[in-house]
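Everything below concerns the one structure shown next.
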Amino acid sequence: MEDKREYALVEHEKPFRYDEDGLHVTRGSAWSGPGCHLGCGLLMYTDDEGRLVKVEGDPENPFNEGRLCCRCLALPEVVYHEDRILYPMKRAKEDRGKDRWERISWEEALDTIATTFLDLKEKYGPECIAFYSGTGRDIGQYITRLSWGFGSPNFVFAMSGQSCYSPRVAGCFANTGAFWLGDYSQQFPDRYDNPNWVLPECIVVWGNNPLVSNSDGLYGHWIVDCMKRGSKLVTIDPRLTWLGAKSEHFLQIRPGTDAALALGMIDYIIKEDLYDHEFVDLWCYGFDELAERAAEFPLGKTSEITWIPEEDIAAVARFIAEANNAILQWGVAIDQTKETIPTAQALLAVFEITGNIDKPGAMVNPPSILYYAAGWGSEFLTEEQYNKRIGLPEYPLLNLGFQECATDELIKTLETGKPYKLRAAWLQTTNILACTSPDPERTLAAHNNYDFIVCVDLFMTPTAMALADIFLPATTFPERNGLRIGDGMQRGETINQVIEPLGECKSDMEIDLEIGKRISPDVWPWDTVEDMYTSILAETGYNFEEMQEVAPGFPPFEYNMHEKGTLREDGQPGFQTPTGRIELWSHYYNHADLDPLPYFEEPSPGPGATPELLDEYPLVLTTGARIWSMFHSEHRQIPHLRALHPDAIIQVNPKTAAKYGVKDGDWVWVENQRGRCKRRVVETPVMDERVCSTDHAWWLPEAPGELEDGLYGMFDLDIGNLIEYKCGKSGFGANYKTLLCKIYRVDEGEE
Ligand SMILES: Nc1nc2c(c(=O)[nH]1)N[C@H]1C(S)=C(S)[C@@H](COP(=O)(O)OP(=O)(O)OC[C@H]3O[C@@H](n4cnc5c(=O)[nH]c(N)nc54)[C@H](O)[C@@H]3O)O[C@H]1N2
Ligand SMILES: Nc1nc2c(c(=O)[nH]1)N[C@H]1C(S)=C(S)[C@@H](COP(=O)(O)OP(=O)(O)OC[C@H]3O[C@@H](n4cnc5c(=O)[nH]c(N)nc54)[C@H](O)[C@@H]3O)O[C@H]1N2
Ligand code: SF4
Ligand SMILES: [Mo]
């Protein structure tokens, strides 16, 4: 057990619960539901009636220093929303898609689920039950434990190519044996004043919009904090974002061509002799092979592919290489391109050959993010069961990342019953039809092949309405205790209950503990969720109640781990790879029958791969750019948040709008060779004339919900209508952010 004193703490003036101006205040961390990844420090205010009345940022928390975004400010509206589902419900399988729910007790719900799962396990083996999670949250680890502890290797994140974060994580691990994050001093309680921290000279925001998305453990405003202290920015995005406008260089890239841009930069850096010779000689393997590959991307060709002027590519390559320390602030756009693995490899290589790994103000290794965030319960899976993971033989890289099964193979398995029939599904924190999945019709038909489906959610969703046989109502975070562990830089934070659960809602963790005790009791030995949290916290030396008081706690952190021998299991200097070096030429990929070097493949369909489609579908389309007020498919029913973004939109350059005879505010169909969906035009000069960008995960809680009535308007609005199941060669990545389309006015009356 580690010594408690190794955890650096913040000094709090007050205990974590205190009274102020007639209200009760509780300090703690935010998490879902409603969804968010970040766990900002909060002060939650309750009145004598036990109601949550307001939420403010906690100025003592070094993470967000008192700042909050609109979704947390609107928390009371979410918690008390009249559409919250407050009781467990069941429905006959024949009634899927119909609003024919019957209220049941928790006993009946949990017993039915446990009996069904145990019965199926006995008849067909535990692998016939799949356990689905949406994006991370602090719930994912309980779902993996449910799945793996029960013996099912089929933990699912239902995006084609698992195209969120997992590819970047897998890519980092494959070639460096570790994960790398930008160093904004977030690992220190004294933040920017910490004497060991160094200001990043250059921050490259690449396929990420941190001020809006606050993703992957990064609070976007840290970038502004660094800018104020002197950091210079590069932004690489098809849209001119706020940070793009404040950047030293803005590269308006054609969607899906990031690998070519990185290879072009590598070539320039090597030819101009700007790389870090010492770092490359000592710590990198395969430099000559990389140089040879990159030589296929001279500036002229790279410029043609990416639509970025040659001189800008050269200037940015030089800027990164000449900076003393530079951060790759990459985002989900890197995952949401079909050949994501070589793309991630190429981007990382820019920062590897310039010596920006494992040093202050550059890319650093967070202490152990993955076990609880993405590996909890894996020890219960026998080798025999592990090997039954869907997609594993085809895609050995699934060993890395978040250990999901391959979604594209899962769909085929549901359709064909091969290699075995899937019979039941547990869906917790995910809205597969409206949000994660491409091709909603195919997704719906395939999922209807499950005999039994459970959904755990806060609200009725298109997915639950179409598919669930049992609905379990979860609490929002002020109604429960919890732990914030994982994602980004690890730190000990607690989510602290401030109000009683509404109706009969239970926390996700309580639900998982109760169902876990019924289906695999040895895996769930705890009497209460707090006991479970204490056991998770064991290595910190604090129990849950102590952590509530002292949080946030910061685990020990090191720079230059590769020199000290703390990155490798054998304690030798270097990286945890076969050669002990960063593998620019990858043994891992080579063993997995993949190209060991980074490469670029034209997005298809796309202007490069299918020019013949351009007559019909002349515009490049990227999807899913984050918006302030909504988290994926959530928040559509929350009045103050919906008011900020009432409709599904498509951003179009004014000249493009004029060319296609549409104008700001018009409803249009966005259509490609696969299907179409409705969007409202927003004319904006931030778009290139050849590219449009649209939001995702739209449905209308106010519209008729039954399947035959359009499933809350989802079928008309789902951008998934235009996207197909098609992952990259590694099993990771899919074209969510690179499509072709045309736009045309929706006829009057059809709006
Ligand atoms: N076209 C396109 N599609 C995309 C993307 C894109 O960029 N473009 N982005 C994708 C990405 S990166 C991701 S990660 C996925 C996200 O996909 P999801 O995680 O599925 O998305 P959400 O809509 O946030 O959440 C799904 C459901 O979880 C419920 N929920 C929220 N909090 C809780 C909670 O605490 N407990 C329970 N039980 N339920 C809760 C919500 O009410 C919602 O119905 O979507 C992806 N979809
Ligand atoms: N408010 C809010 N915050 C969120 C979420 C949310 O739904 N709402 N979702 C959360 C989740 S699960 C995730 S994964 C993160 C994602 O957070 P981000 O990584 O910031 O994701 P996006 O906003 O989808 O895309 C980032 C930027 O990439 C640009 N882009 C699009 N296509 C390309 C391309 O081909 N190349 C390059 N270089 N750039 C491209 C977009 O224009 C956008 O500005 O956000 C998290 N935070
Ligand atoms: S990023 Fe925004 S919604 Fe998420 S926890 Fe922080 S303030 Fe809340
Ligand atoms: Mo995501």
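Note: hydrogens, waters and symmetry copies are ignored here, and every other heavy atom, side chains too, is used. Atoms within a ligand are numbered from 1 in the order they appear, just like the ligands themselves.
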* Asked: Can you tell me the protein heavy atom closest to atom 25 (O) of ligand 1 and the distance?
  -> R137 NH2, 3.0 Å
* List every atom of ligand 1 that sits less than 4.0 Å from any heavy atom of V456, numbering the atoms from 1 in the order shown and giving each element. => 37 (C), 38 (N), 39 (N)
* Tell me which part of T257 gets within contact of ligand 2: side chain, backbone, both or neither, using heavy atoms under 4.0 Å. => neither
* Proximal ligand 1 atoms for T430, defined as those under 4.0 Å from one of its heavy atoms -> 20 (O), 26 (C), 27 (C), 28 (O)
* Give the residue, atom name and distance (to 0.1 Å) of the protein heavy atom nearest atom 32 (N) of ligand 1. => G33 CA, 3.2 Å
* Please state which part of W628 comes within less than 4.0 Å of ligand 2, counting heavy atoms only: side chain, backbone, both or neither. => backbone
* Asked: Shortest non-hydrogen contact from D237 to N208?
  -> OD2-O, 4.1 Å
* R71 to ligand 2, any heavy atom closer than 4.0 Å -> yes
* Check each atom of ligand 1 against the heavy atoms of I139 and keep those under 4.0 Å away; list them by number with element. => 34 (C), 35 (O), 36 (N)
* Asked: Cation-pi between R254 and W307: NZ/CZ under 6.0 Å from ring centre and within 45° of the ring axis?
  -> yes
* Measure from the ring center of W426 to the ring center of F155 and say whether it is less than 6.0 Å. => no
* Asked: Any idea which part of T622 is under 4.0 Å from ligand 2, heavy-atom wise: side chain, backbone, both or neither?
  -> side chain
* Asked: For ligand 2, which part of Q336 has a heavy atom less than 4.0 Å away: the side chain, the backbone, both, or neither?
  -> neither
* Per-atom contacts, ligand 1 versus V332 - under 4.0 Å to a heavy atom -> 12 (S)
* So which protein heavy atom does atom 38 (N) of ligand 1 come closest to, and at what separation? -> D508 OD1, 2.7 Å
* Structure fact -> re atom 1 (N) of ligand 2, the protein heavy-atom contact at minimum distance is I627 O, 2.7 Å
* Asked: Which atoms of ligand 1 have any heavy atom of K737 under 4.0 Å away?
  -> 7 (O)
* To do: Could you say whether the N/O atoms of N208 and ligand 2 ever approach to under 3.5 Å?
  => yes
* Does F157 have a heavy atom less than 4.0 Å from any atom of ligand 1? -> yes
* contact_flag T337 ligand 2 heavy-atom lt 4.0 Å -> no
* Looking only at heavy atoms, is any part of I723 under 4.0 Å from ligand 1, and if so is it the side chain, the backbone, or both, or is it neither? -> side chain
* Asked: Looking only at heavy atoms, is any part of I719 under 4.0 Å from ligand 1, and if so is it the side chain, the backbone, or both, or is it neither?
  -> side chain
* To do: Step by step, work out the side chain to side chain contact (heavy atoms under 4.5 Å, CB included) result for R71 and E634.
  => CA-CA 10 Å; R71 298 193 311 286; E634 299 176 51; over 6 Å; no
* Asked: Taking the inter-plane angle between the rings of Y184 and W222 on a 0 to 90° scale, is it parallel (under 30°), tilted (30 to 60°) or perpendicular (over 60°)?
  -> tilted
* To do: Might you work through the ring pair (Phe, Tyr, Trp, His ring centres under 6.0 Å) test for Y712 and W698, ending with a clear yes or no?
  => CA-CA 9 Å; Y712 299 103; W698 269 94; over 10 Å; no
* Would you kindly specify which portion of Q637 sits under 4.0 Å from ligand 1, judged on non-hydrogen atoms: side chain, backbone, both or neither? => neither
* Answer yes or no for N214: is there a heavy-atom contact with ligand 2 below 4.0 Å? => no
* Structure fact -> Going by the 4.0 angstrom heavy-atom rule, the piece of Y736 near ligand 1 is side chain
* Enumerate the protein N/O/S atoms at a distance below 2.8 Å from atom 6 (Fe) of ligand 3, ignoring waters. => C40 SG
* To do: Within a distance under 4.0 Å of any heavy atom of D457, pick out the atoms of ligand 1 and give their elements.
  => 27 (C), 28 (O), 29 (C), 38 (N), 39 (N), 41 (C), 42 (O), 43 (C), 44 (O)
* Asked: Can the ring centroids of H447 and Y132 be said to lie less than 6.0 angstrom from one another?
  -> yes
* Structure fact -> re atom 4 (C) of ligand 1, the protein heavy-atom contact at minimum distance is H696 CD2, 3.2 Å
* To do: Mark the output for C435 as yes if a heavy-atom distance to ligand 1 is under 4.0 Å, and as no if none is.
  => yes
* Asked: Which residue owns the protein heavy atom closest to atom 14 (S) of ligand 1, what's the atom, and how far is it?
  -> T135 CB, 3.2 Å
* ligand 2-proximal atoms of N209, by part, heavy-atom distance under 4.0 Å -> both
* So which bit of C164 gets within less than 4.0 Å of ligand 2, heavy atoms only: side chain, backbone, both or neither? -> side chain
* Structure fact -> Closest to atom 37 (C) of ligand 1 by heavy-atom distance, out of T429, L433, L722, T694, is T429
* To do: Pick, from H635, R626, R84, the option with the minimum heavy-atom distance to atom 12 (S) of ligand 1.
  => R626
* Structure fact -> With heavy atoms and a 4.0 Å threshold, my read on which part of T623 contacts ligand 1 is both
* Asked: Considering distance alone, does some N or O of R254 sit under 3.5 Å from an N or O of ligand 2?
  -> no
